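Just below is one structure, and these are the notes that go with it.
What's counted below: heavy atoms across the whole structure, side chains too, no hydrogens, waters or symmetry copies. What you see is a predicted model, and the numbers here were worked out from it, not measured in a lab.
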Amino acid sequence: MTKRVYAVSGASGHLGRLAVQELLARGVPSSDVVAIVRTRGNVADLAERGVNVRVADYTRPDTLPAALVGVNRLLLVSSSEAGQRLAQHTNVIAAAKAAGVARIAYTGILNADNTTNPLAGEHQETERALRAAGLPFIVLRNGWYTENYTDRLAQYVEAGGIVGATGRGRISAASRQDYAVAAVAALLQDSEGNRTYELGGQSFDLFELAETITKLTGNDVRYRDLSIEQYRDALQQSGLDENAAEFVAAIDASIARGDLETNSQDLEALLGRPTTSLANVIGEARHRCA
Ligand SMILES: NC(=O)c1ccc[n+]([C@@H]2O[C@H](COP(=O)([O-])OP(=O)(O)OC[C@H]3O[C@@H](n4cnc5c(N)ncnc54)[C@H](OP(=O)(O)O)[C@@H]3O)[C@@H](O)[C@H]2O)c1
């Protein structure tokens, strides 16, 4: 393996942490791995394994150069602060360029070229910023995390149902672990040139999700498909303010239009194996709940 220094931002988050762990699992020496975080204490376990922990904040350009010193390849995990992300990502891209980072991999959104997902704008703009920076890049257009649903397993079982407005829209979701493994595989590649991957797993719709949960847990869970208006009202009744309810309902409308479905095999190809099945991710969630 070529000796390089790899950095992962958002390393205190779910995906970033898994990516750091995968770099180590793939045999990258911990001394060649940099975990960029806002709070050092959140990754004490990684520091104990010898990973270099550096503190930086996407919103504070002054903190970024020191975090990127000597880094050859950076996995920029998109920020969780929706609305501020373009400015934040642009700061990181500029700092990476100034620091001489040779390649940057960015976690974007599936079908970014034509999606109507209301979360997509900042990802699309970040892709444009990456292209404009002229730095070699990899875009990992991630589909939905299966955990977006399985994290609510106990709630679904308790309620006996899932409520949404996705119709028969299919979701090519995959586990965070699969996306992290794929991100690292892409980051480690020796090949030159920019790459854009459309990443998703085996698709399901929410009727099938409910059926699979029912089968695996023995609890009857049904999917109740509402109109967008009914769903928005239901979200407001459950405590969301008008704007948040509108936003969440618009995500379901986008799913109903097929924006989170793909038949791309990029994820399997990067993994070198089939993606983790929905049943397995549900199984892991059950294990965590138990
Ligand atoms: N595909 C999907 O279904 C899906 C679902 C949810 C999110 N996402 C996107 O994918 C990203 C990774 O997912 P995840 O599950 O790992 O999210 P997560 O657990 O919320 O992690 C987000 C990471 O971003 C870091 N971060 C946020 N603002 C930052 C800033 N200003 N400066 C530096 N770091 C900052 C957080 O640091 P702290 O620990 O300091 O907060 C955290 O490490 C998310 O941030 C979001 O953009 C995708």
Side-chain angles (χ1 to χ4, degrees), residues 1-11 13-36 46 49-52 54 67-78 89 92-93 95-113 123-124 126-143 145 172 174-201 262-276:
M1 194 185 296
T2 315
K3 183 177 160 54
R4 295 190 192 103
V5 173
Y6 297 91
V8 177
S9 70
H14 294 90
L15 187 74
R17 173 181 290 278
L18 291 171
V20 171
Q21 288 166 347
E22 178 64 13
L23 280 165
L24 300 177
R26 292 282 295 256
V28 178
S30 57
S31 53
D32 293 343
V33 178
V34 175
I36 301 177
L46 299 178
R49 295 181 68 183
V51 170
N52 301 287
R54 297 183 184 168
L68 293 166
V69 168
V71 171
N72 302 110
R73 294 194 175 189
L74 168 67
L75 173 60
L76 166 54
V77 172
S78 53
H89 298 161
V92 179
I93 293 165
K97 193 172 178 192
V101 171
R103 179 165 293 185
I104 182 163
Y106 170 71
T107 59
I109 191 165
L110 184 66
N111 295 324
D113 290 330
H123 291 296
Q124 292 162 330
T126 301
E127 286 197 22
R128 277 185 210 115
L130 264 178
R131 284 193 186 90
L135 183 83
F137 65 82
I138 298 165
V139 181
L140 303 151
R141 289 181 173 170
N142 288 348
Y145 300 152
S172 302
S175 68
R176 280 198 190 89
Q177 174 71 17
D178 282 356
Y179 291 118
V181 170
V184 167
L187 203 65
L188 290 174
Q189 274 169 3
D190 280 322
S191 60
E192 298 294 315
N194 300 330
R195 289 295 308 265
T196 297
Y197 296 100
E198 300 282 355
L199 301 173
T262 184
N263 51 25
S264 161
Q265 298 300 303
D266 286 353
L267 183 53
E268 280 202 8
L270 281 171
L271 294 172
R273 60 162 169 79
T275 55
T276 308

Which distance, rounded to the nearest 0.5 Å, do you find between the CG of Leu74 and the NZ of Lys97? 15.0 Å

Just to verify, which of Leu267, Leu140, Thr107 counts as forming a side-chain contact (heavy atoms from CB on, under 4.5 Å) with Tyr179? Leu267

Distance in Å, Leu271 CG paired with Gln265 CD, rounded so as to fall on 0.5 Å steps: 11.0 Å

Atom pair CG/CZ of Asn72 and Arg103 - distance to nearest 0.5 Å: 11.5 Å

When rounded to the nearest 0.5 angstrom, what is the spacing between CD1 in Ile109 and CG in Leu199? 12.5 Å

CG/Asn263: more than 12 non-hydrogen atoms of other groups inside 6.0 Å: no

Kindly indicate whether the side chain of Leu130, heavy atoms from C-beta on, has any atom under 4.5 Å from the side chain of His89. no

Would you indicate whether the side-chain heavy atoms of Val51 and Gln21 approach each other to under 4.5 Å? no

Check whether any side-chain heavy atom of Thr276 lies under 4.5 Å from a side-chain heavy atom of Gln177, and answer yes or no. no

Atom NE2 in His14, atom OG in Ser175: separation rounded to 0.5 Å? 13.0 Å

Taking NZ, NE, NH1 and NH2 as the nitrogens, is one of them in Asp32 or Arg73 under 4.0 Å from a carboxylate oxygen of the other? no

Find the distance between OG1 (Thr196) and CD (Glu127) and round it off to the nearest 0.5 Å. 6.0 Å

Within the structure provided, determine whether Arg131 and Asn194 are in side-chain contact (heavy-atom separation under 4.5 Å). no

